Undergrad: 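Starting off with a structure, shown below.
Because the structure is predicted, anything quoted here is derived from the model rather than measured. Each chain gets a letter, A, B and so on, in the order its sequence line appears, and its residues count up from 1.
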Amino acid sequence: MKSLLPITTVVLAVLAIWYVAAATLNADLQRDAYANAGRTDYSTAELIVDSLNMERPKLPGPHQVASEMVKSIVVISPTSKRSLVYHGLITLEETLIGFAIGAALGIGLAVVIVSVRWLDRSLTPWLIASQTVPIIALAPMIVVILNQFDITGVAPKAAIAAYLSFFPITVGMVKGLRAPDPLQLDLMRTYSASQSQTFLKLRAPMSAPYFFASMKIGAAAALVGAIVAEVTKSEDGGLGARLLAGSYYGQTVQIWAALFAAAALSAVLVGIVGLVGRIAEHRMGFVR
Amino acid sequence: MIDRRLADLVPPFLLGLVFLAAWELVVRAANVPAIILPAPSAIAARFVVSVPTLAADFWQTIKGVLAGYVLGCGSGLVVAILVDRSDFLRRGLLPFGNLVSALPIVGIAPIMVMWFGFDWPSKAAVVVVMTFFPMLVNTVAGLESASSMERDLMKTYAATDWQTLTALRLPAALPFVFNALKVNTTLAMIGAIVAEFFGTPIVGMGFRISTEVGHLGIDMVWATILVAALTGSAFYGLVAAIERRVTFWHASFRRREA
């Protein structure tokens, strides 16, 4: 807990910088607004306060974002399309489905790569190459293609979330399943353990820390995938659709609120995975 | 050694060929409409025909990618070195940086488009934010990686802080720095292309993808993706090659020679 003070300081500093930046960025807009209203008698303090409370600022102040979030999460009923809970739940659903598929696929691929020698040599370079491709660029097309097959709604977005999350999981799991050192593998051989026994009793348990580390990355990636997919098919709602709508109509406060909601969602998801991971690693005796 | 490297390339190359052949075969045999999945040959034909358009898109996008990459990685490196001076800052900033790295940063794209306009500077801005934090976190971790033995040695030489930094800790951090540089090549491409979905002049890879999807010009989308894939791989390969040159002493490269 000795990190508490430094973290608080940094957060406060970020807030302070944000306020200064918001006031500076919005001042010009506010001056124009004054000029349009025919006012010239404003003081500097007035200018600052007003630029932090504009309706469509370049950069809203933190309190504006906070109040927008309170309004759209707590006040507005969750069934309304203006509620962030409504959009957040849509995004969460896509993320979780996509993450589950991506995790299953990622782990399956890792198991195959580790156990089949020739696949490792021929498949791994492609997996790495696929990672240097801006995968998100495929998102709009996947949505359209799946649309042709009458697959609409959650499925296309979950597919993109899965596509984005499987790779880090595969890489992490391959590393994890290879974590046992030669000594331990030799020991298993002296026990004349079969390949599946070695896998279940040595490789799989050894990979647990890698598993949770890659699941954390995979969860975050799945959320990014869901949000980007929502941008390309925004009529179904979701936080990404909210971002797009905000950018169409210049509703900056709304964009920032959606952004923070997405950030909170991501933090919660990663946090849950991390917590489960820490408990499991503790039970399995990985904690040093 | 070259022979060995070539031999390493054969299996993945063969698998790629098999994959392409299977793709072509499935599309032709099942008569898959081009709107859903064009055959590789159709994509290649489209690619050859529209080289000028693709080149224009490439230049538009690469401007944002490179400017953002250099600024983001550069500032991440500098801030990491500054942060490293103070234990207090490090303990406060690192959890923050880790949190931000897990966030869906591409979401700031619409905001950046609003601030910096439709042209490439707004894309560069998104790339700066996306690449900054991985660089910061990795470099700070890398600066820690010199062992206490080595640090003690520097102390017995009566080296100044600056000398310890340039002669020991920065070189020791290089593998971490290059790790971030490599991750950031992909992030930079993604950031620039996604930012173009939110508004751009009528050129750019992200723009091309989103409009051609609207026209159902799927072969053009694939051609653009091919360009993006080649660019991304080349960018990554370039950084990886530089890494091999600069950090040849690192265990992960040494072992391969033996």
Side-chain angles (χ1 to χ4, degrees), chain A residues 2-3 5-11 13-14 25 58-59 118-119 121-126 128-141 143-145 148-149 216-217 219-220 223-224 227-228 231-232 239-240 243-244 246-248 250 252 255-256 258-259 262-263 265-267 270, chain B residues 8-16 19 33 35-37 87-96 99-111 113-115 185-186 189-190 192-194 197-199 205-206 209-210 213 216 218 221-222 224-225 228-229 231-237:
Chain A
K2 65 180 175 179
S3 299
L5 184 65
I7 293 176
T8 327
T9 317
V10 167
V11 170
V14 168
L25 276 171
K58 262 191 151 174
L59 175 62
W118 65 269
L119 259 182
R121 296 228 317 188
S122 46
L123 199 60
T124 315
W126 285 108
I128 292 169
S130 87
Q131 191 57 3
T132 66
V133 177
I135 294 175
I136 296 188
L138 293 166
M141 199 185 42
V143 171
V144 168
I145 289 178
Q148 302 294 321
F149 293 109
K216 274 197 256 182
I217 303 173
L223 184 67
V224 174
I227 289 177
V228 173
V231 170
T232 47
L239 291 175
L243 280 178
L244 190 70
S247 91
Y248 268 163
T252 30
I255 299 183
W256 281 95
L259 210 54
L265 204 56
S266 164
V270 175
Chain B
D8 278 349
L9 281 180
V10 170
F13 183 72
L14 282 180
L15 189 77
F19 178 74
I35 296 172
I36 294 174
L37 188 67
D87 190 47
F88 185 80
L89 265 183
R90 184 166 357 130
R91 231 177 293 144
L93 264 181
L94 264 199
F96 189 73
L99 179 74
V100 176
S101 311
L103 299 185
I105 300 185
V106 280
I108 64 162
I111 294 165
V113 171
M114 222 174 269
W115 286 4
T185 57
T186 320
M189 291 292 294
I190 289 176
I193 290 180
V194 171
F197 292 164
F198 284 94
M205 294 200 260
I209 291 172
S210 53
V213 160
L216 292 180
I218 302 295
V221 176
W222 278 101
T224 306
I225 284 172
T231 315
S233 305
F235 196 2
Y236 185 94

Undergrad: To the nearest 0.5 Å, what is the distance between CG on Leu59(A) and CD1 on Ile111(B)?
TA: 8.0 Å
Undergrad: If you count heavy-atom pairs under 4.5 Å with chain A, which of Ala109(B), Gly16(B), Ala192(B), Gly237(B) comes out on top?
TA: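 Counting heavy-atom pairs under 4.5 Å, the top option is Gly16(B).
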Undergrad: Answer with side chain, backbone, both or neither: which region of Leu14(B) has an atom nearer than 4.5 Å to a non-hydrogen atom of chain A?
TA: neither
Undergrad: When only pairs under 4.5 Å are counted, which of Leu265(A), Leu243(A), Leu259(A) shares the most heavy-atom pairs with chain B?
TA: Leu259(A)
Undergrad: Would you give the length of the straight line joining atom CG of Leu244(A) to atom CZ of Phe197(B), rounded to the nearest 0.5 angstrom?
TA: 11.5 Å
Undergrad: For chain A, which candidate among Phe19(B), Trp222(B), Phe13(B) shows the most heavy-atom pairs at distances under 4.5 Å?
TA: Trp222(B)
Undergrad: Could you look at Leu25(A) and say if it's the side chain, the backbone, both or neither that has a heavy atom under 4.5 Å from chain B?
TA: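 The answer is the side chain of Leu25(A).
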